[in-house]
Amino acid sequence: MAVTHDHVVVAEQPSDKLTLLPLTALVVGSMIGGGVFNLPSDMSRGASPGAILIGWIITGLGMLMLALVYQSLANRKPDLNAGPYAYARAGFGPFIGFNSAWGYWLSAFLGNVAYAVAIFSALSFFIPAFGDGNNLISILGASVCLWLIHALVLNGIKQAAFVNIVTTVAKLVPLFLFILIAIVAFNWDRFTFDFWGRAATGEGAGLGSIMDQVKSTMLVTLWVFIGIEGASVYSARAARRSDVGRATVIGFLGALGIYVLVSMLSTGMLSQPELAGLKVPSMAGVLEPLVGRWGASLVNIGLMISVGGAFLSWTLLCAEIPYTCGRDGTFPKWFAAENANGSPVNALWATNILIQVFLVLSFFSKSAYQFFYFIASVAILPPYVFSGAYALKLAMTGETYGPGDKARRRDMIVGLIATLYGVWLVYAAGLTYLLMCAVLFAPGILVYARARREHGEPAFVGKELPIAIGIGVLALLALYLMWTGRISPF
């Protein structure tokens with residue numbers, strides 16, 4: 001089964017041959033997941049309508065370039081099939097490749113923590129005792145679900161294809177209903193009031209400069225597009241190879257259109273402070289005043305089913321990442337162990353223990369869902385940045401290109417923009433989240449050194465040691481700032 005962030009996609013059948021329309025539908029389904037249900041609040045938390053619009057323009061261009069990068073690399077480097085981190089390793093050495101794999105794994109299991117919080121926050125609409133999804137009873141409920149799935153996977157039981165059908169319907173029905181109602185209820189005067197968030201008092205107060213507002217939207221937009229690298233997995237199923245690139249672009253634009261409509265239409269129905277104050281899923285809070293409790297119920301049920309399917313699929317994927325890395329030598333071989341049922345037993349235990357630890361830590365967070373998806377979004381930046389840089393490197397050196405290949409200039413521009421977009425995301429993430437991510441990346445240095453020793457190779461070569469020292473120094477600085485209360489991990 002092919003799995004991508006925030007969702008499940010259908011099981012691959014070798015005999016299937018997909019034309020442009022179903023291929024496009026698969027691409028759309030692979031990108032639209034649970035994050036869209038909280039876009040009204042997440043986008044408005046620190047930005048005005050004008051800044052949100054600019055944020056989507058930047059994201060649209062950057063993510064389109066990244067989608068084209070993965071499509072190009074899938075065709076030019078078909079032998080690199082161990083995930084996006086394989087491109088980082090091929091282009092910039094084993095240590096960079098490892099950190100991309102480590103970041104991908106961090107993003108995967110931290111995303112699962114965010115999913116768990118979102119599920120129980122939505123459930124609190126029906127059972128108020130679950131609160132914001134990170135109180136004691138919610139953590140206990142999420143923990144039970146986590147270890148039940150753990151037991152199922154250890155016994156070789158994996159998700160069925162019907163999960164995709166259920167979750168796809170569950171997320172698309174409330175989304176289209178929300179958009180239709182929002183178009184009718186849209187208030188132009190409310191939308192344009194303090195469009196740039198510059199009012200000295202009232203709704204736009206305290207949002208900061210346009211640049212600050214746009215930066216505040218970047219990790220939100222990245223979160224809802226994580227998994228865009230999964231579009232290239234459909235290449236082998238296409239009736240025509242050329243349809244894959246077209247489907248990627250059309251599918252991406254479809255997902256972008258839904259995201260923009262959900263977030264922008266919301267600003268024409270509620271004020272910025274009202275949107276920012278809504279609980280997860282905020283789409284329910286926008287819809288309920290318009291149509292009544294049934295609308296909010298539909299959104300909450302849709303989110304629980306959709307994100308529940310994602311939680312199931314990503315429990316498997318979270319273990320698959322270190323398992324695959326253990327087999328190819330990126331991680332220590334301990335992670336490659338299987339049980340009698342063929343399940344990645346050690347990788348699964350390591351992953352789910354970490355998920356459990358962060359579920360407990362979510363209890364101390366005031367905005368657990370946002371905190372964990374912000375960290376997950378920052379953690380996945382290394383594979384994204386270095387994927388774009390690898391595509392740029394191939395185009396600049398001419399590797400895989402023939403003499404006079406016209407695609408080379410185009411791919412150079414695409415790779416450059418994708419790389420610059422990744423660097424911009426690093427800047428937009430802000431120092432606090434980067435430092436906290438350094439704390440999570442630092443233990444990876446020891447894991448990497450262990451993997452290298454197993455293959456009789458030196459832990460670090462060339463510039464790798466200064467990079468490792470730099471990560472360690474940033475982690476120590478972050479711990480010091482947390483200890484002194486200058487930054488808060490929650």
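Hydrogens, waters and symmetry mates are skipped; everything else that's a heavy atom, side chains included, is used.
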Q: Using only heavy-atom distances, determine whether the side chains of Asp212 and Ser209 contain a donor-acceptor pair under 3.5 Å.
A: yes

Q.
Taking side chain to side chain donor-acceptor pair (under 3.5 Å) as the definition, give me every residue that meets it alongside Trp102, ordered by chain and number, with sequence neighbours left out.
A. none

Q. Considering residues at least two apart in sequence or located in another chain, which fulfil the side chain to side chain donor-acceptor pair (under 3.5 Å) criterion with Thr351?
A. Trp105

Over all atoms of both residues, closest heavy-atom pair of [X] and [Y]:
X: Phe441; Y: Gly103; result: CZ-CA, 3.5 Å
X: Ile375; Y: Cys437; result: O-SG, 3.9 Å
X: Ser100; Y: Ala88; result: OG-CB, 3.2 Å
X: Leu275; Y: Thr267; result: CD1-CA, 3.9 Å
X: Pro383; Y: Tyr104; result: CG-CD1, 4.0 Å
X: Leu359; Y: Ile139; result: O-CD1, 3.4 Å

(Q) Between Leu440 and Leu110, is there a side-chain heavy-atom distance shorter than 4.5 Å? (A)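 They are in contact (side-chain heavy atoms under 4.5 Å apart), so the answer is yes.
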
(Q) So Thr217 and Ile58, do their side chains get closer than 4.5 Å, heavy atoms only? (A) no

Pairs involving [range], ordered by first then second residue, that meet side-chain hydrogen bond (donor to acceptor under 3.5 Å, both in side chains) (sequence neighbours left out):
range: residues 425-443; result: none
range: residues 119-142; result: Ser124-Lys279, Asn135-Ser138
range: residues 46-69; result: Ser48-Gln213, Trp56-Ser263, Thr59-Thr221
range: residues 376-388; result: Tyr70-Ser387, Glu229-Tyr384

Q. Got a sec, which residues hit salt bridge (charged side-chain N to carboxylate O under 4.0 Å, His left out) with Arg410, two or more places apart in sequence or on another chain?
A. none

**Q.** Test salt bridge (charged side-chain N to carboxylate O under 4.0 Å, His left out) applied to Arg45 - qualifying residues, sequence neighbours left out
**A.** Asp42

Q.
Donor-acceptor check, side chain of Arg408 to backbone of Ala395, threshold 3.5 angstrom: yes or no?
A. yes

Q) Any salt bridge (charged side-chain N to carboxylate O under 4.0 Å, His left out) pairs touching residues 417-430, not counting sequence neighbours? A)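 Sorted pair list comes back empty.
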
Q | Residue pairs, two or more places apart or on separate chains, that pass salt bridge (charged side-chain N to carboxylate O under 4.0 Å, His left out) and touch residues 116-127 | A |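 Found none.
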
(Q) For the CD atom of Gln272 and the CZ atom of Phe193, what is their distance to the nearest 0.5 Å? (A) 11.0 Å

Just list the side-chain donor-acceptor pairs under 3.5 Å for residues 474-487, sequence neighbours left out, or say none.
from: Thr484; atom 1: OG1; to: Tyr480; atom 2: O; distance (Å): 3.0
from: Thr484; atom 1: OG1; to: Leu481; atom 2: O; distance (Å): 3.2

Q) Can Tyr373 and Tyr369 be said to form a ring-ring contact (aromatic ring centres under 6.0 Å, His included), step by step? A) CA-CA 6 Å; Tyr373 86 63; Tyr369 172 73; 5.0 Å; yes

Q. For residues 125-146, which residue pairs qualify under ring-ring contact (aromatic ring centres under 6.0 Å, His included), counting only residues two or more places apart or in two chains?
A. Phe120-Phe130

Q: Anything under 30° is parallel, anything over 60° is perpendicular, the rest tilted; go ahead and classify Tyr259 against Phe225.
A: perpendicular

Q. Should the pair Phe186 and Phe191 be assigned to parallel (<30°), tilted (30 to 60°) or perpendicular (>60°) ring geometry?
A.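 The rings of Phe186 and Phe191 sit tilted, inter-plane angle from 30° to 60°.
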
Q | Stepwise side chain to side chain contact (heavy atoms under 4.5 Å, CB included) test for Glu288 and Arg293 | A | CA-CA 5 Å; Glu288 185 172 13; Arg293 188 174 176 83; 4.1 Å; yes

(Q) Both conditions, 6.0 Å and 45 degrees, for the charged tip of Lys393 above the ring of Tyr87: are they met here? (A) no

Q | Trace of the ring-ring contact (aromatic ring centres under 6.0 Å, His included) decision for Tyr421 with Trp424 | A | CA-CA 5 Å; Tyr421 173 62; Trp424 155 252; 8.4 Å; no

